[in-house]
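Throughout, a chain's letter reflects where its sequence line sits, starting with A, and its residues are numbered from 1.
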Number of protein chains: 2
Amino acid sequence: MTSSTQRPDPPYRRIAAEFRTRILAGDLRPGDRVPSIRQIAQRWGVAVATATKVVAVLRDEGLVEAKVGAGTVVSARASRKERPAGQAVPPAARQAGVPKGSLNRRHVLRTAIAIADAEGLGAVSMRRLAAELGTGPMSLYRHVTGKDELVTQMADEVFGEAELPVPGPEGWRAKLELVARRQWELSRRHLWLPRAVSFTRPLLVPNMMAHTEWTLRALDGLGLPVETRIREALTLPALVHTVALSVAEEAEAEQETGVTLDGWRLLQRRRADELLSTGRFPLLAALPGETVSDLDGMFDHILARHLDGFAVMLGER
Amino acid sequence: MTSSTQRPDPPYRRIAAEFRTRILAGDLRPGDRVPSIRQIAQRWGVAVATATKVVAVLRDEGLVEAKVGAGTVVSARASRKERPAGQAVPPAARQAGVPKGSLNRRHVLRTAIAIADAEGLGAVSMRRLAAELGTGPMSLYRHVTGKDELVTQMADEVFGEAELPVPGPEGWRAKLELVARRQWELSRRHLWLPRAVSFTRPLLVPNMMAHTEWTLRALDGLGLPVETRIREALTLPALVHTVALSVAEEAEAEQETGVTLDGWRLLQRRRADELLSTGRFPLLAALPGETVSDLDGMFDHILARHLDGFAVMLGER
DNA sequence: TGACATTTGATACGTCGTACGCATACATGC
DNA sequence: GCATGTATGCGTACGACGTATCAAATGTCA
């Protein structure tokens, strides 16, 4: 570089330097918007091509990231002066990984999941989700074709949390119990899950298909006809599904009554009590209330009975 | 308070507040007559119905007591502000008069059921239902407090179709199988049923409670602890529920594709095929398609396994 | 410099459930 | 008979929803 003489830097370099110092000083933080090309052009009184060069310089230095249509943004890990200024990164590195939409899509999904976890699936409206992400509702449709797909993909995302060991434990019973309990844990962690997808139609939810596939493998070699294997593989998630649905409803009811004791819920309770005291349902009325809502126990019961029955079918009893 | 938005309180609320402050201030003392409904109507220039609401609000708050023919009077212990204003206590379970309402209510329910049977629960909107009955949407609210109740009562109505024999067949297994199959038939006849109610929360659906009661009786005398009896009584409908849900989804999917082959569904199919051909799910991909959708067979499987398992628990195997 | 493909967000449309207010008819007590 | 509170039927309108449409703004490239 022979620019050591008094020859002044060209304008585009001067402006770029200006931004560079602001970024490195932390004045512009990662994620902040950098003025658009046309704004730079106007503000500094230069042509658009010049402003373009400014941004190009910064981008080649890895300080900013530009997306067409969206704008230019200070890139992460930019403030740490890890690379001597002026040392350009190979331009190929700027679009290395996935098409970048993938990351935003995950962000959308995780945010939606967070809302659903905290306030139930009903709270996940497109507007609400958009607000949470700081954008307009319509922007979501860039990452998701519609609400149906959003919900399905939320389910897929959380199903990805539950990994199944590759050989798995010994014996069909341990395997079946394992997969059922994994899904049960999932449903307890994400109460909206049974509302989001039907467990007996795993298509389109790849991570759910993986569970089905794993289960089918567990059923292989037991000498069962194919229809039985299918049914069994679909039965297990179905069992989880119903009980999980009840858990979800219980939670919702509780949440609502926690907020407002008004009208509907309270009225429900009153009516239920009235019905119970009519004497038409003596056994039902005599039940202790706590047991009804012990849904973990309920799940254990339903799963154990089923596996026992399956063992009978295999002739093991 | 309710001043969150700038939207002014509706007239009836404003007027009620006016009286409330006068009562609480002691301006109107216990035993004093409150202006009659028609007087209020005239004095404030509103309709009698509106004035009626004013009095209703005050009465629900326990501030006044109304007697037909006699008039409305400030109730005793009203001046002590013992209850946060606006917090109504007795919504007063409105027991609809039998004579006329009963028949019309059934008509509403049966019409709603007919729509749901033919086009799915999603087609049952208040407007649609009203149109079918030849009235305005708001007329429905004379017979039903809201959509939630409508749906619940629809379920109750159809559960009334399934009668259970009073002594029932001999032996626990025949009894349990009977009640499960009755519910299964119900769900096949009314595909929307599993969507309408949770089978594990029979409260508020008297005809469903009857099933639970019947099941509990079938489980009596087997020497089982009470928790087990409860769980079992709730398990049977739960089993029906999941499989029925799948049936419903299948039917909906089929119906939609029957109408329009466009976009979403077709796209789903394509994606599913793509996923299957990735080789990640060899066992799944090798399955014959017909068996997957044999949901009657699925139900038989799940029920038989469960009952076998229950027999094991009873030590009968 | 201008044409381009993208991305965005504001506006708006058609649904939904239902709150509100009105008019009218009815039942009850003085 | 008369005034009272109540019940019924219904038209209007509000706010929330999912999403179609489209102009404006963006970085890029000829």
Residue mapping more 5' on DNA chain C - nearest nucleotide basis, B:K147 or B:T50: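 Closest to the 5' end, via its nearest nucleotide, is B:K147.
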
Comparing A:R38 and B:V124 on DNA chain C - which has the more 5′ nearest nucleotide: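 Going by which nucleotide is closer to the 5' end, it is A:R38.
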
Rounded off to whole Å, could you give me the [atom1]-to-[atom2] distance for the [X] and [N] pair?
| X | N | atom1 | atom2 | value |
| --- | --- | --- | --- | --- |
| B:R128 | C:dC16 | CZ | P | 10 Å |
| B:R33 | C:dC30 | CZ | P | 11 Å |
| B:L129 | D:dC10 | CG | P | 13 Å |
| A:Q39 | D:dA24 | CD | P | 17 Å |
| B:L133 | D:dG9 | CG | P | 12 Å |
| B:L140 | C:dA19 | CG | P | 13 Å |
| B:R14 | C:dC20 | CZ | P | 14 Å |
| B:Y12 | D:dT6 | OH | C1' | 17 Å |

Mind checking [X] for me? I need base, sugar-phosphate or nothing, with any heavy atom below 4.0 Å counting as a touch.
| X | answer |
| --- | --- |
| A:A66 | sugar-phosphate |
| A:A49 | base |
| B:V48 | base |

Where protein sits on nucleotides 7-14 of chain C, one letter per nucleotide: B base, S sugar-phosphate only, - none, heavy atoms under 4.0 Å: BBBB----

Side chains of B:S198 and A:E249, donor plus acceptor under 3.5 Å: yes

Qualifying residues under ring-ring contact (aromatic ring centres under 6.0 Å, His included), relative to A:F19, sequence neighbours excluded: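 So A:F19 forms a ring-ring contact (aromatic ring centres under 6.0 Å, His included) with A:W44.
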
Given [N], is OP1 or OP2 found less than 4.0 Å from the side-chain N or O atoms of [X]?
| X | N | value |
| --- | --- | --- |
| A:S36 | D:dT26 | yes |
| B:S125 | C:dC16 | yes |
| A:R59 | D:dT28 | yes |
| A:T72 | D:dG27 | yes |

Nearest-nucleotide 5' precedence on DNA chain D, A:A123 against B:V34: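 This one resolves to B:V34.
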
B:L133 and B:L140, any side-chain heavy atoms less than 4.5 Å apart: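 Counting from C-beta outward, B:L140 and B:L133 do come under 4.5 Å.
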
Test side chain to side chain donor-acceptor pair (under 3.5 Å) applied to A:S246 - qualifying residues, sequence neighbours left out: B:T200

Pairs involving residues 25-43 of chain A, ordered by first then second residue, that meet side chain to side chain donor-acceptor pair (under 3.5 Å) (sequence neighbours left out): A:R22-A:D27

Short side-chain to backbone donor-acceptor contact, B:K147 and B:V124, under 3.5 Å: yes

Residue list, salt bridge (Lys or Arg N to Asp or Glu O under 4.0 Å) with A:R127, at least two apart or on another chain: none

A:R142: partners by salt bridge (Lys or Arg N to Asp or Glu O under 4.0 Å), with sequence neighbours left out: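 None.
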
Options D:dG18, D:dT4, C:dG17, nucleotide nearest the side-chain atoms of A:Y141: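 Closest of the options to the side chain of A:Y141: D:dG18.
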
